[in-house]
Asker: 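Sharing a structure, written as structure tokens. Questions coming.
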Protein chains: 2
Amino acid sequence: MSISSRFAVGIHILTLIEFNKEGVTSSEFLASSVNTNPAVIRKLMGMLKKAGLIEVHPGIAGAKLAKELSDITLFDVYKAVNVVQEKELFSIHESPHPDCPVGRNIQNTIEPLFAAAQFAMEKVLRNVTLEDVVKDIATKENIC
Amino acid sequence: MSISSRFAVGIHILTLIEFNKEGVTSSEFLASSVNTNPAVIRKLMGMLKKAGLIEVHPGIAGAKLAKELSDITLFDVYKAVNVVQEKELFSIHESPHPDCPVGRNIQNTIEPLFAAAQFAMEKVLRNVTLEDVVKDIATKENIC
DNA sequence: ATTACATGTAATCGATATTGTTACAGGTAA
DNA sequence: TTACCTGTAACAATATCGATTACATGTAAT
């Protein structure tokens, strides 16, 4: 099991829009860098647009960031591309037997524990911005 | 996307072994409480056994805990049932374009961020023991 | 030794999610 | 009108999950 690479690709898209901000960042351009199909990129662009992270218009080539780099966290991207639903990082088996003391309580007992674990993971994502990602790549480029 | 319910079922199994420690906890008994097939339970029992969490023997009915309740964390169960591999909670797209500054760096930049998020989630699991789960259920039973 | 019953394990199936691909509708500007 | 872009639907290939069936193997009681 793994969380969909839509998340990583979403970050890639936003980062590249920033790096190419003087130029035109079309779905084809993005697809070439990500190494996938333009239609895949357009679908993701739709999600990022819906989440208010980018501006993109039918018939007009290129996407632009809709917010400041420092105002976009990885959590924003994570939510935008819809990879994990609220309280659903972990799945819990359905319909355990109600006549068993464990069966009738296990879901209620486990759920808050799973939610806490998921929340801790998401908190890390909230504390990283796209600015951090862009700066890290810029640093790596200057060194190499 | 969701982490397999094997994790939740694994917790269920261990918890029920404890609740039924005076009796014989067979795969059929467990399957009835979990509401699944005995073969599914046996496969999970094999994983829990391999991880040293339970003792179970071919031909002999019933499983027993191999460690103290307070010595088994949810993380132990999580690793035992093999739901998420190390550094693979998030997947990263392969083969981004090396001629692009973003494409050639994005993986190295994102990987530690994803690893940190995964680690934070796992840390929560490390801090909860089966004893906590059993006590919580026992409390709920006494109240209701 | 035979019988009854347990665990161990492999094969298979249906359901679902993911990723890539193709195709085309609709918008924009030269 | 033409060229090119985004938006979106349909479909295939692949992978994983959970359930199911079947059977080999091990144990203990008769």
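Lettering follows sequence order; numbering is per chain, from 1.
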Asker: A:I3 CD1 to C:dA17 P: how many Å, rounded?
Answerer: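 Atom CD1 in A:I3 sits about 15 Å away from atom P in C:dA17.
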Asker: Given 3.5 Å as the limit, does a donor-acceptor pair link the side chain of B:S5 with the main chain of B:A8, or not?
Answerer: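 No, because the side chain of B:S5 does not come within donor-acceptor range (under 3.5 Å) of the backbone of B:A8.
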Asker: How many Å lie between NZ on B:K49 and P on D:dG26, as a whole number?
Answerer: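 It works out to 12 Å between those atoms.
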Asker: Respond yes when some side-chain nitrogen or oxygen of B:S26 is under 4.0 Å from OP1 or OP2 of C:dA6, and no when none is.
Answerer: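 No, no such contact exists.
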Asker: Within less than 4.0 Å of OP1 or OP2 of C:dT19, is there a side-chain N or O belonging to A:K43?
Answerer: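 Answer no for this pair, as no side-chain N or O of A:K43 is under 4.0 Å from OP1 or OP2.
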Asker: May I have the distance from B:F7 (atom CZ) to D:dG18 (atom C1'), rounded to whole angstrom?
Answerer: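 Taking atom C1' of D:dG18 as the reference, CZ of B:F7 is at 18 Å.
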Asker: Checking all strands, does A:K50 fall into the base, sugar-phosphate, or nothing category for heavy-atom contacts under 4.0 angstrom?
Answerer: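 Nothing, no nucleic acid heavy atom in range.
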Asker: Among A:L14, A:I41, A:L30, A:N35, exactly one meets side-chain contact (heavy atoms from CB on, under 4.5 Å) together with A:V9. Which residue is that?
Answerer: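 With A:V9 as partner, side-chain contact (heavy atoms from CB on, under 4.5 Å) holds for just one option, A:I41.
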Asker: In whole Å, I'd like the distance from the CG atom of A:L44 to the P atom of C:dT18.
Answerer: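 Roughly 11 Å, once rounded to whole Å.
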Asker: What closest approach, in Å, do A:D132 and A:N127 show between heavy atoms, and which atom pair accounts for it?
Answerer: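 Reported closest heavy-atom pair: OD2-O, 4.1 Å.
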Asker: Whole Å only: how far is the CZ atom of B:R6 from the C1' atom of D:dA19?
Answerer: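 Computing the B:R6:CZ to D:dA19:C1' distance gives 14 Å.
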Asker: Okay, side chain of A:E122, backbone of A:F75: is any donor-acceptor separation there less than 3.5 Å?
Answerer: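 Flag not set: sc A:E122 to bb A:F75 has no pair under 3.5 Å.
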Asker: Please list, pair by pair, any protein nitrogen or oxygen found under 3.5 Å from a nitrogen or oxygen in nucleotides 21-30 of chain C.
Answerer:
none

Asker: Once you round it to whole Å, what is the distance between C1' of C:dG8 and CD1 of B:I54?
Answerer: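 Rounded to whole Å, this separation is 12 Å.
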Asker: Let me confirm one number: the CD1-NZ distance from A:I72 to A:K67, rounded to the nearest 0.5 Å.
Answerer: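 Reported value, rounded in 0.5 Å steps: 6.5 Å.
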Asker: Of all heavy-atom pairs between A:A117 and B:L125, which one has the smallest distance, and what is that distance?
Answerer: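 Heavy atoms of A:A117 and B:L125 come nearest at CB-CD2, 3.9 Å.
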Asker: Identify the heavy atoms of A:P96 and B:H12 that sit nearest to each other, and give their distance.
Answerer: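 Scanning both residues, the minimum pair turns out to be CB-CE1, 3.9 Å.
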Asker: According to a strict under-4.0 Å criterion, is B:S4 in side-chain N/O contact with OP1 or OP2 of D:dG18?
Answerer: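 The answer is yes; a side-chain N or O of B:S4 sits under 4.0 Å from OP1 or OP2.
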Asker: Got a sec? Which of residues 92-103 of chain A come in under 4.0 Å of DNA chain C, heavy atoms?
Answerer: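 Contacts with DNA chain C under 4.0 Å: none.
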Asker: Does A:S5 have a side-chain nitrogen or oxygen under 4.0 Å from the phosphate oxygens OP1 or OP2 of C:dT19?
Answerer: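 Affirmative; the distance criterion is met.
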Asker: So which nucleotide from C:dA6, C:dT7, D:dC5 ends up closest to the side chain of B:E28?
Answerer: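 Given the options C:dA6, C:dT7, D:dC5, the side chain of B:E28 is closest to C:dA6.
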Asker: Which pairs, with at least one residue in residues 8-34 of chain A and sequence neighbours excluded, count as a salt bridge (Lys or Arg N to Asp or Glu O under 4.0 Å)?
Answerer: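 Every salt bridge (Lys or Arg N to Asp or Glu O under 4.0 Å) pair that includes a residue of residues 8-34 of chain A, provided the two are not neighbours, is A:E18-A:K21.
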Asker: Over how many whole Å does the gap from A:I17 atom CD1 to D:dT6 atom C1' extend?
Answerer: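 Distance, rounded to whole Å: 13 Å.
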Asker: Grab the CG-C1' distance between A:L30 and D:dC5 for me, whole Å please.
Answerer: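 To the nearest whole Å, that distance equals 13 Å.
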Asker: Quick check on the hydrophobic clustering: are A:Y78 and B:V124 connected, directly or via other members, by side-chain heavy-atom contacts under 4.5 Å?
Answerer: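 No: no chain of side-chain contacts under 4.5 Å links A:Y78 to B:V124.
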